[in-house]
Amino acid sequence: MSEKSYPHETIVWAKQRLDELDALISEVEKRSKDLSGSVRAEADAAEARLEASRASLQQSYDELRAEA
């Protein structure tokens, strides 16, 4: 494996994870609309954690792309 393929593979992997997180966040948003009370609060907290993870991964992805 060449040195150029590793960063490319990492960028592709990160993009796939971002896409998966986007889909997951969208699904949580859609399904939590009908929830209420403590269950809704838990869903909102889970969504916030997913969004924080996505933001962190997006930052890493942007840095990788800048370096590549």
Side-chain angles (χ1 to χ4, degrees):
M1 183 181 310
S2 72
E3 287 184 26
K4 288 186 178 183
S5 67
Y6 178 74
H8 175 73
E9 289 174 5
T10 303
I11 289 169
V12 169
W13 176 87
K15 178 62 174 140
Q16 290 170 340
R17 299 300 79 75
L18 284 169
D19 292 344
E20 289 172 2
L21 278 170
D22 286 340
L24 188 56
I25 291 168
S26 177
E27 190 65 24
V28 168
E29 288 173 346
K30 183 171 63 172
R31 292 183 182 260
S32 67
K33 287 180 184 176
D34 297 328
L35 301 176
S36 62
S38 65
V39 176
R40 176 64 186 256
E42 288 179 34
D44 290 344
E47 183 181 343
R49 288 190 305 271
L50 287 169
E51 289 174 350
S53 294
R54 192 209 181 284
S56 176
L57 183 56
Q58 181 69 53
Q59 181 179 358
S60 296
Y61 174 78
D62 292 342
E63 290 170 2
L64 283 169
R65 288 196 46 122
E67 290 175 14

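The chain is numbered in sequence order, starting from 1.
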Kindly write out the residues that satisfy side chain to side chain contact (heavy atoms under 4.5 Å, CB included) with Ala43, not counting sequence neighbours, or none if the list is empty.
->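 Expected list: Ser32, Leu35.
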Straight-line distance of [X] [atom1] to [Y] [atom2], nearest 0.5 Å:
X     : Y     : atom1 : atom2 : value
Lys15 : Thr10 : NZ    : OG1   : 15.5 Å
Leu64 : Leu57 : CG    : CG    : 9.0 Å
Leu24 : Asp19 : CG    : CG    : 12.5 Å
Ser60 : Arg65 : OG    : CZ    : 14.0 Å

Donor-acceptor list for residues 47-54 side chains, cut-off 3.5 Å, not counting sequence neighbours:
from, atom 1, to, atom 2, distance (Å)
Ser53, OG, Arg49, O, 3.1
Arg54, NE, Asp22, OD1, 2.4
Arg54, NH1, Gln58, OE1, 3.0
Arg54, NH2, Asp22, OD1, 3.4
Arg54, NH2, Asp22, OD2, 3.3
Arg54, NH2, Gln58, OE1, 3.4

